[in-house]
Amino acid sequence: MPFGNPVSPTGIATINSPVATPFTLRVIPRDQHTISRKDISPNALRVLYRLREAGFGAYLVGGAVRDLLVGGRPKDFDVATDATPEQVKQLFRNCRLIGRRFRLAHVVFGREIIEVATFRANSDDGSGDREVENGMLVRDNVYGSIEDDAVRRDFSCNALYYAIEDFSVRDYTGGFEDVLARRMKLIGDPEQRYREDPVRMLRAVRLAAKLKFDIEPATAAPIPRLAGLLDEAAPARLFEEVLKLFLSGHGVASFEGLERHGLLPALFPESAAALKSNRSGALRRFVVEGLRSTDARVANDEPVSPAFLFALLLWPAFCRALIALQRQGLAPEEAQRRAADRVTLHQLTTIALPRRFSLPMQEIWLLQSRFASRQRKRVLRTLTHPRFRAAFDFLVLRQVASSEHEADIAFWREAQQQSGHELESALDAAHAEGMEDEAPRRRRRRRRRSGTAAGE
Ligand code: ATP
Ligand code: MG
């Protein structure tokens with residue numbers, strides 16, 4: 001058994017972590033912490049009280065306790081209990097049971113869902129519902145005590161329990177001190193815990209970015225060496241994790257954290273390679289600027305889209321693939337299409353980007369080359385393209401990496417503001433000018449086209 005966790009016979013006071021470090025229960029009474037019931041969702045309180053009244057243990061746990069302790073506003077409230085999912089279901093009419101890897105009860109109140117999980121254990125005598133493949137947990141439904149539940153969580157700051165019966169915080173892993181010191185610390189042996197679930201490496205970086213915590217040295221040390229284990233993680237899970245990393249308002253900090261801990265190549269191998277070989281640093285400036293503007297949008301409650309995010313993160317890979325294909329002698333439009341397809345396809349082996357996002361991502365890329373054209377028909381087609389606005393915002397960001405887009409940005413900014421009539425006359429005027437300037441070239445091209453129609 002790769003991650004045994006022997007529980008002491010007395011159960012309560014002292015327990016053993018996966019590396020046999022003893023943990024002692026520390027109870028932090030109400031007057032020594034800052035969590036107040038008025039900051040807890042009324043629906044979560046309802047669930048806690050109902051479980052308690054039915055004689056079960058009921059605790060607020062995980063991210064919500066942590067966020068409340070640092071003065072943040074939790075985005076969801078999770079409950080842990082010694083009631084089994086079936087027992088929870090019997091207590092709440094508005095309850096459904098979900099999940100295979102983790103069997104959970106969801107208590108549904110309109111748009112808010114309170115997740116209720118039964119205490120789980122790491123230790124397994126073989127009789128529980130657990131399945132491990134290549135050292136990774138694929139199913140984990142072995143129930144246990146609250147102490148077991150605490151040590152199987154990832155970071156100590158995520159393993160705190162707020163008890164509804166006396167409003168105390170229960171700490172089995174030293175998490176309370178770690179939250180006060182703003183420190184991410186993995187419970188147990190870091191390497192073993194990353195091997196069990198490599199996504200924990202991303203969670204370390206993401207939560208440190210979100211909470212402005214430091215990752216303590218022993219927790220950070222193995223990450224660069226083990227980053228490659230993310231190859232084994234489920235691509236759909238990585239997609240969700242990437243959205244949380246970059247679309248929660250701390251995208252720049254997440255990006256810098258991934259860079260610092262050597263995780264960027266594991267998530268975006270081709271973009272990481274392109275960024276590394278881009279000596280001027282222009283591509284990196286572009287990505288960081290894009291993430292900064294995404295963070296600003298999140299802060300202003302403006303919508304952000306996964307398609308735009310991935311267009312940004314994979315742009316370095318796209319540029320690199322495009323240059324390689326053009327060097328092979330492909331015509332620009334063909335090279336762009338192929339580069340877009342190639343980058344998308346390669347990326348899909350790591351992160352499951354759904355087509356409803358990868359298609360608009362590609363459109364954002366392919367529209368970039370259209371911004372140089374002032375040809376009447378093309379201008380109108382570009383302006384009415386459903387992805388125009390996103391592609392234009394993308395062009396504005398590219399200005400950070402290279403100032404050559406200034407004239408295009410000015411033209412398209414104006415084009416959007418003009419009425420249809422104004423735009424048509426402006427284009428007519430531009431067209432007339434262009435006819436004079438370009439007359440000799442146009443004539444030559446026309447002659448050539450009539451000779452070799454298949455050539456273009
Ligand atoms: P946030 O919701 O702010 O992103 P969170 O810590 O609440 O952060 P969730 O994914 O909602 O993250 O997980 C809830 C809790 O479940 C965590 O606080 C942690 O205790 C536990 N947990 C989540 N993922 C893991 C994991 N991979 N390994 C061990 N425990 C985990
Ligand atoms: Mg959460």
Side-chain angles (χ1 to χ4, degrees), residues 63 67 70-76 182 202-203 205-214 239-261 263-264 267-268 271-272 274-275 278 280-319 351 353 356-358 360-365 367-368 371 385-406 408-417:
D67 291 353
V70 295
R73 212 159 12 108
K75 66 175 164 38
D76 43 37
R182 304 188 85 88
L202 298 178
R203 288 178 54 83
V205 166
R206 171 166 73 79
L207 293 171
K210 165 178 159 161
L211 301 160
K212 300 195 172 67
F213 277 23
D214 287 325
F239 173 67
E240 293 301 325
E241 202 57 36
V242 166
L243 297 189
K244 289 189 193 173
L245 275 159
F246 294 109
L247 297 184
S248 310
H250 49 78
V252 174
S254 290
F255 184 80
E256 289 170 352
L258 292 175
E259 268 183 327
R260 195 173 325 120
H261 297 283
L263 288 166
L264 218 45
L267 282 181
F268 308 104
S271 269
L275 287 168
N278 179 233
S280 71
L283 283 173
R284 186 183 181 282
R285 276 200 302 282
F286 164 72
V287 172
V288 171
E289 192 54 31
L291 293 173
R292 206 187 312 281
S293 93
T294 307
D295 288 349
R297 290 182 68 92
V298 174
N300 293 329
D301 271 337
E302 292 171 62
V304 286
S305 87
F308 192 89
L309 172 71
F310 276 85
L312 195 67
L313 293 169
L314 298 180
W315 178 251
F318 173 75
C319 291
I351 297 174
L353 177 61
R356 68 176 187 283
F357 301 128
S358 67
M361 169 189 80
Q362 294 188 338
E363 287 174 329
I364 290 171
W365 291 340
L367 277 166
Q368 298 305 306
F371 287 130
H385 192 287
R387 226 58 63 200
F388 169 77
R389 188 64 226 190
F392 176 73
D393 289 348
F394 200 83
L395 176 71
V396 173
L397 284 175
R398 288 174 62 207
Q399 178 75 6
V400 176
S402 148
S403 56
E404 72 192 74
H405 310 293
E406 216 165 311
D408 287 343
I409 291 173
F411 172 82
W412 291 95
R413 189 163 275 145
E414 198 165 333
Q416 289 172 73
Q417 280 153 8

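No donor-acceptor distance shorter than 3.5 angstrom exists from the side chain of Gln399 to the backbone of Leu395, with no hydrogens or angles considered. Distance alone, capped at 3.5 Å, is enough to place a donor-acceptor pair between the Asn278 side chain and the Ala282 backbone. Formation of a donor-acceptor pair under 3.5 Å by the Ser271 side chain with backbone atoms of Leu313 is found in this model. A side-chain donor-acceptor contact under 3.5 Å links Arg297 to the backbone of Pro303.
Aromatic pair Phe318/Trp365: ring centres closer than 6.0 Å.
Looking only at side-chain heavy atoms (C-beta outward), Arg73 and Asp67 stay at 4.5 Å or farther from each other. Counting heavy atoms from C-beta outward, Phe308 and Leu397 have side chains that approach closer than 4.5 Å. Side chains of Arg203 and Glu241 form a contact here, defined as non-hydrogen atoms less than 4.5 Å apart. Between Phe246 and Leu258 there is a side-chain heavy-atom pair separated by less than 4.5 Å. Residues Leu263 and Leu202 meet the side-chain proximity criterion, which asks for heavy atoms closer than 4.5 Å. Residues Phe310 and Phe357 fail the side-chain proximity criterion, which asks for heavy atoms closer than 4.5 Å. Inter-residue side-chain proximity for Leu367 and Phe392 is flagged as unmet; no heavy-atom pair is nearer than 4.5 Å.
Distance CZ/Arg285 to CG/Leu275: 12.0 Å, rounded to 0.5 Å.
Of all heavy-atom pairs spanning Arg182 and Lys212, the tightest one is NE-O, 3.7 Å.
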